[in-house]
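Indexing begins at 1, ligand by ligand and atom by atom, following the structure's order.
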Amino acid sequence: QGHVFTYDPGFTSTASCDSTITYIDGDEGVLLHRGYPIDQLASQSHYLEVCYLLMYGELPTAAQLEAFETTITRHTMIHEQMHNFFRGFRRDAHPMATMVGVVGAMSAFYHDSTDVNDQKQREIAAHRLIAKMPTIAAMAYKYSIGQPFVYPRNDLDYAANFLHMCFSVPAEKYNVDPILARAMDRIFTLHADHEQNASTSTVRLASSSGANPFACIAAGIACLWGPAHGGANQACLEMLKEIGTVDRIPEFIARAKDKNDPFRLMGFGHRVYKNMDPRATVMKESADEVLELLGVENNPLLQVAKELEHIALNDPYFIEKKLFPNVDFYSGIILEAMGFPTSMFTPIFALSRTVGWISQWKEQFADPQMKIGRPRQLYLGSTYRDYVDVENR
Ligand code: SDX
């Protein structure tokens, strides 16, 4: 009776981790990948080069980059038998459900040939995942709209290949617009990694048990799906559509401030950034560029987004709460303008973030002292008590 559980401060929690991959300064709005600022990488580099940087720690030489891009390009097809997994889903299944299922199923195809304790095999698994995620995402999209799967092409770069697999049909020729491909590549880069966010922590915790990388990445996809995390890009566009016109913004601002209203401004706020998310700044520039290219620069959603941002950034409540647009605020507007349905926004986030998940997965194995993760709890439940028979309760 009266036994009190004491919190053992000596127990070293494994909920936190060391990393050399990404640095965020939330107060200053700084995001560095291996020391390089995200705005320079987004404007001067390209996604597969950033993948190399995240995985290996340095920008590649021309020869290293060519070898890496050739390896990724030549692994973009998935096993033909995996096509059957898509057909087991209802046509209206959310593509994130399909991605969780199919990526998890990769365990059945590659797990036996992946010894996670072997560095070379870890690298092969990492290449397979980076290479195949766009194919799986595109197939999930094609399946959801009843169109035939489109195979990857080795003559296209990573982003152009994804657009090709999503938007081409066997019945007619499809030429990928290089400017759209550049915008797509920049969106991939802006979502590549982000330190210990919820889905990356999920991948690290799952892989700390020695589970195979495909199952761990499937766990990361599942976590990213939530509207508080990667699902915010879809939720944000749906919110902008619900607002509809600039004159309805005050109504939603009031709801966001109302503690009795669960409504939150999707695409605003962040667990770490208490300043502008530097990715949102680049994304906003891309939105202007892509919409102008497509001749929809007067897109009403973009007008609503810009006015909402302006009002929120000057509203004392949001200033006091340090709420700024995050990476999800503008991405949906670009993706919708490019022709994607809102259901494909988070799958695109997931395929972009795969390199971050897998780079941190690899990093974890580099620690010979790696232990299984065991986040700590502070027990607030009942103290010790004896069982009581039902007739005495
Ligand atoms: C991503 O972690 C990462 O790195 C994630 C990510 C990545 O790249 O992996 O950056 C991607 O997930 C970006 C976040 C996408 N989510 C959204 O846009 C959904 C809307 N945002 C919120 O749900 C919220 O801002 C979170 C979940 C992102 C953060 O939640 P917190 O930690 O509760 O936010 P906070 O501590 O900064 O909140 C401070 C206050 C709170 O009010 P009080 O309790 O102090 O009274 O601000 C309020 C919150 O209620 N608040 C909001 C708000 N976000 C926070 N109020 C209205 N609208 C919002 N969007």
Between ligand 1 and [X], can you find any atom pair, the residue atom being a heavy atom, that is separated by under 4.0 Å?
X      : answer
Lys257 : no
Lys274 : yes
Arg353 : yes
Leu323 : yes
Lys259 : yes
Pro227 : yes

Answer yes if a protein heavy atom lies under 4.0 Å from atom 39 (C) of ligand 1, otherwise answer no.
no
Which protein non-hydrogen atom lies closest to atom 60 (N) of ligand 1, naming both residue and atom, and how far is it?
Leu265 O, 2.7 Å
Taking the six-membered ring for Trp, is the centroid-to-centroid distance between [X] and [Y] below 6.0 Å?
X      : Y      : value
Tyr273 : His194 : yes
Phe345 : Phe340 : no
Phe149 : Tyr141 : no

Check His270 against ligand 1 and report side chain, backbone, both or neither, counting heavy atoms closer than 4.0 Å.
both
Can you tell which part of Asp277 has a heavy atom less than 4.0 Å from ligand 1: side chain, backbone, both or neither?
neither
Please determine if Phe318 has a nitrogen or oxygen closer than 3.5 Å to a nitrogen or oxygen of ligand 1.
no
More than 12 heavy atoms of other residues, nucleotides or ligands under 6.0 Å from CZ of Arg91: yes or no?
yes
Given His229, Glu195, Lys322, identify the one with the heavy atom nearest to atom 12 (O) of ligand 1.
His229
Selected option - heavy-atom contact closest to atom 19 (C) of ligand 1, from Met266, Glu320, Arg255:
Met266
Hey, which atoms in ligand 1 end up nearer than 4.0 Å to a heavy atom of Asn197?
2 (O), 3 (C), 4 (O), 5 (C), 9 (O)
Contact check, side chains of Pro60 and Phe68, non-hydrogen atoms, under 4.5 Å:
no
Start with the C-alpha gap between Phe268 and Phe329, add the side-chain angles, then the distance that decides, and say whether ring-ring contact (aromatic ring centres under 6.0 Å, His included) holds.
CA-CA 7 Å; Phe268 268 81; Phe329 188 64; 5.0 Å; yes
